[in-house]
**Q** 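This is the structure I have questions about; it appears just below.
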Amino acid sequence: YDIKSDLYYLFEDVNFKNYEDLTIAEYLIDPSRSKYEIDKSAKIYLNRNLHSLEDLVGKGKKTLSLSDVDKEKLGSYISMYLSLTEDLREKLLSYIDERDMKELYYDIELPLVKVLASMEREGIYVNKDYLIELGEEFQKELDELEKEIYSYAGYEFNINSTKQLGEVLFEKLNLPVIKKTKTGYSTNAEVLHKLKGSHEIIEAILRYRTLKKLTTTYIDGFITLISEEGKIHSLFNQNITATGRISSQDPNLQNIPIKTEEGRKIRKAFIPPENYSFVGGDYSQVELRVLAHLSGDEVMIEAFKEDADIHTKTASEVFHVDFEDVTPLQRSNAKAVNFGIVYGISDYGLSQDLDISRKEAKEYIDNYLDTYKEIKTYMADIVETGKKQGYVETIMHRRRYIPELESKNRNIRGFGERVALNTPIQGSAADIIKIAMVEIYQELQEKQLRGKLILQVHDELIIQVEDGDIDEVKELLSNVMSHAVELDLPLKVDINSGKTWYDAK
DNA sequence: GCATCATGCAA
DNA sequence: TATTGCATGATGC
């Protein structure tokens, strides 16, 4: 039960060939649960009431150390725990077998536990001095912006408080209210952009928000997490997401800025040890490729087989222009539709994203589904399947139940329908990269390459490798990732390397 | 001290 | 009324 926390400390000293983890089995059986605790599971799967460990040691400040617990009580707790674990295991494995999830459990998720433990243990070096310097740069500008904002407002207030900021913007300065939240005025970036030009304070606030985010989350937040060896050891969670993705926390290394140059500079702080480099591999359009495979849409499959720029290709089809004549705006709109399709699009959602009328958005979608006809069929079919079975599946039989499909509430049901479409896509992409991770880990060991997997960012893997082995690892990573599974179309992988995470782009 | 909200970062 | 996450500061209990 939750073996990664043990592997983290032990796996270099103990030969862990055979291990199991029932939290993982339970996650595969129902990935939507919020947590996996043995006393809860005893009730769910065996209808047995088990006192939790918490009942024995208490909680909060008064938590007892195990050595302080009454020996007899502890002994009976442990024997009950062991026998229960055996019974639970039997029950869970029968579910795994019935649902055709043995390969997913034994060949993907269980080996992955060790891979993630290794990533957590290795961690990643951080250039603290660089972060501090960058932080000071940002703080200097923040101080100036703060003064500027106060002068526009006419008084000092807490800019970070959405409540106080709303009062300044919409009561003191009388700017038009664009949107409300359930507790007051909305002041988010979308609203502020619409207010640009109506008052100079707006641009200052937008800039303030950007720098504040970078400073608090990605600079100050990280500095406190740097260990004595100068590393950050993030946790990679394997039983959190409903789709099969992994998540990362303390810190989250899966949402480091990249879209703006300023934010992207944070990535320069992540560095390999001396004489090592980072080698990165990322899947190109993996979710759309998965959708092409799942739907069997020949037009989209053909586009990927030709290695065409999929957004340009989509634009040329949707807007009825030659491939060469697609404008940047058309491509960008087509890209938004491609994204939207993967999320379970609505004309309203697309109209909001592109800031166009709902009617126009509907035309885009209709044209899209007229181009990729099998995708239209697939979207209808997968929702139907979800309703009939109560769940949907990925290519590796990962399953997610969707009770929302039965809801009488239209909004909830609509959500269920989008989930039914998105989960096989996002989840199959997660299956694919997990297979690649397990294979890479094994190959690096067997080939005795001086490289270690250190990061996964959903469609991207980062390996830290001794400079002499860079070329071999690049080749290996490319091959393993692109052949992790065989679909009806190729998987494309881009490989890069560099001396910081920023440079491995 | 903990929960919730609004916000914003990533794929 | 577009999917999946996590961290932050403010706010309220």
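Reminder, nothing fancy here: chain letters follow the sequence lines and each chain counts from 1. Fair warning: this is a prediction, and the values are worked out from it, not measured in the lab.
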**Q** Where do A:Lys452 and A:Ser118 land on the side-chain hydrogen bond (donor to acceptor under 3.5 Å, both in side chains) test, with the steps shown first?
**A** CA-CA 8 Å; A:Lys452 277 183 172 155; A:Ser118 159; over 6 Å; no
**Q** Report, one line per pair, each donor and acceptor closer than 3.5 Å where one atom sits in a side chain of residues 138-145 of chain A; sequence neighbours left out.
**A**
residue  : atom : partner  : partner atom : Å
A:Gln139 : NE2  : A:Asp143 : OD1          : 2.9
A:Glu141 : OE1  : A:Arg207 : NH2          : 2.9
A:Glu141 : OE2  : A:Arg207 : NE           : 2.6
A:Glu141 : OE2  : A:Arg207 : NH2          : 3.3

**Q** List in numerical order all residues of residues 335-366 of chain A for which some heavy atom is under 4.0 Å away from an atom belonging to DNA chain B.
**A** A:Tyr343
**Q** Within the distance-only criterion (no hydrogens, no angle test), does the side chain of A:His293 pair as donor or acceptor with the backbone N or O of A:Leu487 below 3.5 angstrom?
**A**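 Checking the backbone N and O of A:Leu487 against the side chain of A:His293, no donor-acceptor pair under 3.5 Å is found.
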**Q** Any donor and acceptor pair, going by atom type alone, linking the side chain of A:His233 with main-chain N or O of A:Glu120 inside 3.5 Å?
**A** yes
**Q** Give, for atom NZ of A:Lys179 and atom OG1 of A:Thr187, the distance between the pair rounded to the nearest 0.5 Å.
**A** 10.0 Å
**Q** Would you find more than 12 non-hydrogen atoms of other residues, nucleotides or ligands less than 6.0 Å from A:Lys231 atom NZ?
**A** yes
**Q** Identify whether the distance between the nearest side-chain nitrogen and carboxylate oxygen of A:Asp309 and A:Arg331 falls below 4.0 Å.
**A**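 Looking at A:Arg331 together with A:Asp309, the answer is yes, because their closest N to O distance falls below 4.0 Å.
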**Q** Determine the sole option in A:Phe278, A:Phe222, A:Tyr218 for which the ring pair (Phe, Tyr, Trp, His ring centres under 6.0 Å) test with A:Phe270 is passed.
**A**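 Single pass found, and it is A:Phe222.
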**Q** Once side-chain hydrogen bond (donor to acceptor under 3.5 Å, both in side chains) is applied, do any residues pair with A:Tyr502, and if so which ones, sequence neighbours excluded?
**A** A:Glu261
**Q** Could you check which residues of residues 153-163 of chain A get a heavy atom under 4.0 Å from DNA chain C? Sort them by number, please.
**A**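 Only A:Asn158, A:Asn160, A:Ser161 qualify.
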**Q** Can we say A:Arg398 and A:Asp431 salt-bridge, meaning some charged N sits less than 4.0 Å from an Asp/Glu carboxylate O?
**A**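 Between A:Asp431 and A:Arg398 there is a salt bridge, with a charged N closer than 4.0 Å to a carboxylate O.
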**Q** Where along residues 378-393 of chain A does a heavy atom come under 4.0 Å from DNA chain C, residue by residue in number order?
**A**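 Heavy-atom cutoff 4.0 Å gives no residues at all.
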**Q** Between A:Glu393 and A:Arg99, is the closest basic N to carboxylate O distance under 4.0 Å?
**A**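 Looking at A:Glu393 together with A:Arg99, the answer is no, because their closest N to O distance does not fall below 4.0 Å.
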**Q** Is the closest side-chain heavy-atom distance between A:Val342 and A:Asn422 below 4.5 Å?
**A**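 Side chain of A:Val342 against side chain of A:Asn422, heavy atoms only: contact under 4.5 Å found.
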**Q** Can you name the residues that form a ring pair (Phe, Tyr, Trp, His ring centres under 6.0 Å) with A:Tyr343, not counting sequence neighbours?
**A** none
**Q** Across the strands shown, which category fits A:Gln164 at heavy-atom distances under 4.0 angstrom: base, sugar-phosphate, nothing?
**A**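 Answer is sugar-phosphate: A:Gln164 comes under 4.0 Å of backbone atoms only.
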**Q** Under a 4.0 Å N-O cut-off, is there an ion pair linking A:Glu109 with A:Lys434?
**A** yes
**Q** For the backbone of A:Ala308 and the side chain of A:Thr312, can you confirm whether one donor and one acceptor N or O come within less than 3.5 Å of each other?
**A**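 Answer holds: no.
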**Q** Which label fits A:His199 and A:Tyr152: parallel for a plane angle under 30°, tilted from 30 to 60°, or perpendicular past 60°?
**A**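 Correct class here is perpendicular.
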**Q** Taking C:dT1 as the reference, what is the distance to B:dC5 when you measure between their P atoms (whole Å, please)?
**A**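 Looking at atom P only, B:dC5 and C:dT1 are 16 Å apart.
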**Q** I need the residues from residues 404-440 of chain A with at least one non-hydrogen atom less than 4.0 Å from DNA chain B; give them sorted by number, or say none.
**A**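 Of all residues in residues 404-440 of chain A, none places a heavy atom under 4.0 Å from DNA chain B.
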**Q** Salt bridge or not between A:Asp21 and A:Lys4? Use side-chain N to carboxylate O under 4.0 Å.
**A**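 No, no charged N to carboxylate O under 4.0 Å.
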**Q** Would you say the side-chain atoms of A:Arg399 pair up with the backbone N or O of A:Leu28, donor to acceptor, closer than 3.5 Å?
**A**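 No; zero donor-acceptor contacts below 3.5 Å.
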**Q** Quick one, which residues of residues 202-227 of chain A touch DNA chain B with a heavy atom under 4.0 Å?
**A** A:Arg209, A:Lys213, A:Tyr218
**Q** Find the distance between OG1 (A:Thr210) and CD1 (A:Ile205) and round it off to the nearest 0.5 Å.
**A**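 Reported value, rounded in 0.5 Å steps: 11.5 Å.
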**Q** Kindly indicate whether a cation-pi arrangement holds for A:Arg358 with A:Tyr348, taking the cut-offs as under 6.0 Å to the six-membered ring centre and within 45° of the axis.
**A**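 Because its charged atom misses either the 6.0 Å distance or the 45° angle limit, A:Arg358 does not stack over A:Tyr348.
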**Q** Less than 4.0 angstrom from a charged side-chain N to a carboxylate O is my criterion; do A:Asp366 and A:Lys362 meet it?
**A**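 A salt bridge is present here (some side-chain N lies under 4.0 Å from a carboxylate O).
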**Q** Look up atom CG in A:Asp459 and atom OG in A:Ser284, then write down how far apart they are to the nearest 0.5 Å.
**A**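 So the gap between those two atoms works out to 9.0 Å.
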**Q** Give me the first and last nucleotide of DNA chain C, going 5' to 3', that has any atom under 4.0 Å from a heavy atom of chain A.
**A**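 So the contact region on DNA chain C extends C:dT1 to C:dT11.
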**Q** Taking CZ from A:Phe138 and C1' from B:dC9, how many angstroms apart are they, rounded to a whole number?
**A** 14 Å
**Q** Rounded to the Å, how far apart are A:Leu253 CG and B:dA11 P?
**A** 13 Å
**Q** Passes side-chain hydrogen bond (donor to acceptor under 3.5 Å, both in side chains), A:Thr243 versus A:Gln426? Steps please.
**A** CA-CA 6 Å; A:Thr243 54; A:Gln426 193 183 118; 2.7 Å; yes
**Q** Using a cut-off of strictly less than 4.0 Å between a heavy atom of the residue and any atom of DNA chain B, enumerate the qualifying residues of residues 139-152 of chain A by number.
**A**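 Going residue by residue through residues 139-152 of chain A, none turns out to have a heavy atom under 4.0 Å of DNA chain B.
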**Q** Mind listing the residues from residues 175-195 of chain A sitting with a heavy atom below 4.0 Å of DNA chain C? Number order is fine.
**A** none
**Q** Quick one: does A:Ser248's side chain have a donor or acceptor within less than 3.5 Å of a partner on A:Leu253's backbone?
**A**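 Side chain of A:Ser248 to backbone of A:Leu253, a donor-acceptor pair under 3.5 Å: yes, one is there.
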**Q** Short of 4.0 Å, heavy atom to strand atom, which residues of residues 240-252 of chain A count as contacting DNA chain C?
**A**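 Hits under 4.0 Å, by residue number: A:Ile240, A:Thr241, A:Ala242, A:Thr243, A:Arg245, A:Ser247, A:Ser248, A:Gln249, A:Asp250, A:Asn252.
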**Q** Is it true that a side-chain atom of A:Tyr283 and a backbone atom of A:Met481 form a donor plus acceptor pair closer than 3.5 Å?
**A** yes
